[in-house]
Number of protein chains: 2
Amino acid sequence: MKATIVDVAKESGVSVATVSRVVNGNYPVREKTRLKVENAIKKLEYVPNLQARELNTQRSSSIGVVVPSFDNMFFAQVLDGIEERLRRSSYSLLLACAQNDAAREEECVRDFITRNVSGVIVVSPNTETAVSEFYENTAARLPLVFVNSARELAGISYVTSDQRGGARAALEHLFHYGHERILFVQGENSDSYRIKEKVYREIMRERGAFHPEDIVNVGEGNRIETVENTMFILMDMMQGLAPTAIFCCNDLMAMGAVNACQRMGRRVPQDISVIGYDNTALSQYTAPKLTTIDQHMGDLGREAARLMLKQIEENVTENVMLANTVVERETTGFRME
Amino acid sequence: MKATIVDVAKESGVSVATVSRVVNGNYPVREKTRLKVENAIKKLEYVPNLQARELNTQRSSSIGVVVPSFDNMFFAQVLDGIEERLRRSSYSLLLACAQNDAAREEECVRDFITRNVSGVIVVSPNTETAVSEFYENTAARLPLVFVNSARELAGISYVTSDQRGGARAALEHLFHYGHERILFVQGENSDSYRIKEKVYREIMRERGAFHPEDIVNVGEGNRIETVENTMFILMDMMQGLAPTAIFCCNDLMAMGAVNACQRMGRRVPQDISVIGYDNTALSQYTAPKLTTIDQHMGDLGREAARLMLKQIEENVTENVMLANTVVERETTGFRME
DNA sequence: TTGAAAGCGCTAACAA
DNA sequence: TTGTTAGCGCTTTCAA
């Protein structure tokens, strides 16, 4: 069986208290005693039991993270950022996947509470659950951080990305290249499309360049088929219209847009410019490489971890909004007649 | 403060043992008593403390998973599989990232032991560490499962994917379409390239169709730049050679190969066929869509979780090798003159 | 500088 | 069917 602190104490002929002091190094121990204990530890391959320690000290050194799914590169990157920041602390990461399901999300959080985590980070919380009583109660119990949630609740820290600003930056980038007739491509069922559409409408109206028919909806926006769907829909649409640029709500759609242009014999960016959103790895794989908006997902994760640590240590919540920035690559530019 | 079992016992006027029995439902409790206790639990918002329970029962209900990094879609998919299988059990998942570093990998495993996990799954263990004494000692302490490791140690369960068979299947797929002169594109520093190269050499030699100059090395094979590097190297190479097909060790390289062909005015697959490896999401985003070999990474993860559970429950190790299968899409076919 | 002992929240024998 | 109690492995107060 695994060696316990008692075994070590016996082996080295001291009390368990002394062993504990050696292990934690928080109280003075005579050099000679320390050596004896350390030898015994090595000999018995003793590893302290964190569960017991935490039960005793009423602390916990794990943080729960709930993600809605793994198939999306977005979450992998946020997770990466969280892990990176947490690594420098003494906390470790308990992971659960909510499968895009509100009930399952609650379940995950409850399980974390049972496991006595120090706090829970929820990435893209389900909008149904996010407004519910459930999270209000949970926030009263333990530190809670939301990543990318539109709705705000008391006692919860938020880290979001400035999609309004990002949409504006994307359009200004296109204006800068002299584009006026700009198609807007979005999908269904996501707050993030709503936000961008609103900005698009406002800005285009301001310029007197708004045409309702320039707004294209390609349906489900985060699947593999999105690329192809977007391509076909645009090939259809663009027959009648003569946009000089296309603003897409994510890189999948942008990729479909580029493909559509190429199939129709329009050069990108000489004939038509395309800008995407998210700066997923994808955007660099294509030829030409996508100009897009970076949401800095790694930073989103790092910030979430930082806010969590802050809540645990100082018991204060904080909200952070990260800027979205243009990454210019090869799909935007001036028109060449 | 959080309510404990003692609080619930007091509130409902029974002993802690009875509360425990109600919570666990493992011993008979009179209906009326049970109701009293349940009410108290609800009233106090009591959540049992798993740490205490596990300390007492000498059990643990978490499994540690170490991945080398997150930036690779591969690991995200394996993780997805592990999580999916574990979800149906009562175990939860402790995650750590080794950052492609052998020392850091050991550290992660040690930390898991301290946290008293039931077992550890290591995805793509570092080859240095994999052969070391470290894992031998660790395997003696607790269940260990390796995903995608070339070297085998006693007391450890393995789940690997049959890359030999996959490479053979890829070549046979090309032979089937009548290709004889086939370029082999690989990268540096990975067992998986070695394995495929060996198969390629063997099979091409057997057919008397082996030309040493057909083996191309594009350097670092798992970065974003791999796509572009591959493209330039191949555009250079293919001037002199006249292959009718290209077998690439991963989808990044295959994407680069397709781009190279297109730039050189060769139609894919009418003039030249390209086959990739991995079946990453990427392979479906391109136009034309990549024919590739599926490693079934989700299954790899699910199997790893299954073997872990088996080791925990029955204390037996098992090795599994998953078949790699051809996924035919749009980049392979007969030559059209 | 060290040891004895209480107790963290829980389960499970044992007794009633 | 229920209660009493020992003890899981550890930390920490208190006393020596």
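Only heavy atoms go into these numbers, but all of them, side chains included; no hydrogens, no water, no symmetry mates. A note on names: the letters A, B, ... follow the listed sequences, proteins ahead of strands, and every chain is numbered from 1.
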Rounding to an integer number of Å, can you tell me how far B/R115 CZ sits from D/dC10 C1'? 15 Å
Determine the sole option in B/V8, B/V6, B/D7 for which the side-chain contact (heavy atoms from CB on, under 4.5 Å) test with B/V19 is passed. B/V8
Show me, pair by pair, the donor-acceptor contacts under 3.5 angstrom made by side chains of residues 21-30 of chain A, not counting sequence neighbours?
unit_1: A/N24; atom_1: OD1; unit_2: A/R53; atom_2: NH2; d: 3.3
unit_1: A/N24; atom_1: ND2; unit_2: A/S20; atom_2: O; d: 2.9
unit_1: A/N24; atom_1: ND2; unit_2: A/S20; atom_2: OG; d: 3.4

Nucleotide C/dA4, atom P - distance to NZ of A/K10 in whole Å: 13 Å
Go through the side-chain N and O atoms of B/S161 and B/Q295 and say whether any donor and acceptor fall under 3.5 Å apart. yes
Per atom distances to the B/R30 side chain, the nearest of D/dC8, C/dT2, D/dT2 is D/dT2
With respect to the side chain of A/S15, which nucleotide from D/dT2, C/dA4, C/dG9 is positioned closest? C/dA4
Can you measure B/L55 atom CG to D/dA6 atom C1' for me and round it to whole angstrom units? 13 Å
Nearest whole Å is fine: how far is D/dT2 P from B/L35 CG? 12 Å
With a 4.0 Å limit, can you tell me whether A/Q51 has a side-chain N or O closer than that to the phosphate oxygens OP1/OP2 of C/dC8? no
Which letter, B, S or -, goes with each nucleotide of nucleotides 10-16 of chain C from 5' to 3', with contact meaning a protein heavy atom under 4.0 Å? BBB----
SB check B/R110 B/E107 (cutoff 4.0 Å): no
Passes side chain to side chain donor-acceptor pair (under 3.5 Å), B/S62 versus B/R115? Steps please. CA-CA 9 Å; B/S62 58; B/R115 300 195 117 84; over 6 Å; no
Could you list the donor-acceptor pairs under 3.5 angstrom formed by side chains in residues 76-84 of chain A, with sequence neighbours left out?
unit_1: A/E83; atom_1: OE1; unit_2: A/R87; atom_2: NH1; d: 2.4
unit_1: A/E83; atom_1: OE2; unit_2: B/C97; atom_2: N; d: 2.9
unit_1: A/E84; atom_1: OE1; unit_2: A/R302; atom_2: NH1; d: 2.8

Using atom CD1 of B/I41 as one end and atom P of C/dG9 as the other, report the distance to the nearest whole Å. 16 Å
Calculate the interatomic distance between A/K36 atom NZ and C/dT1 atom C1'; express it in whole Å. 12 Å
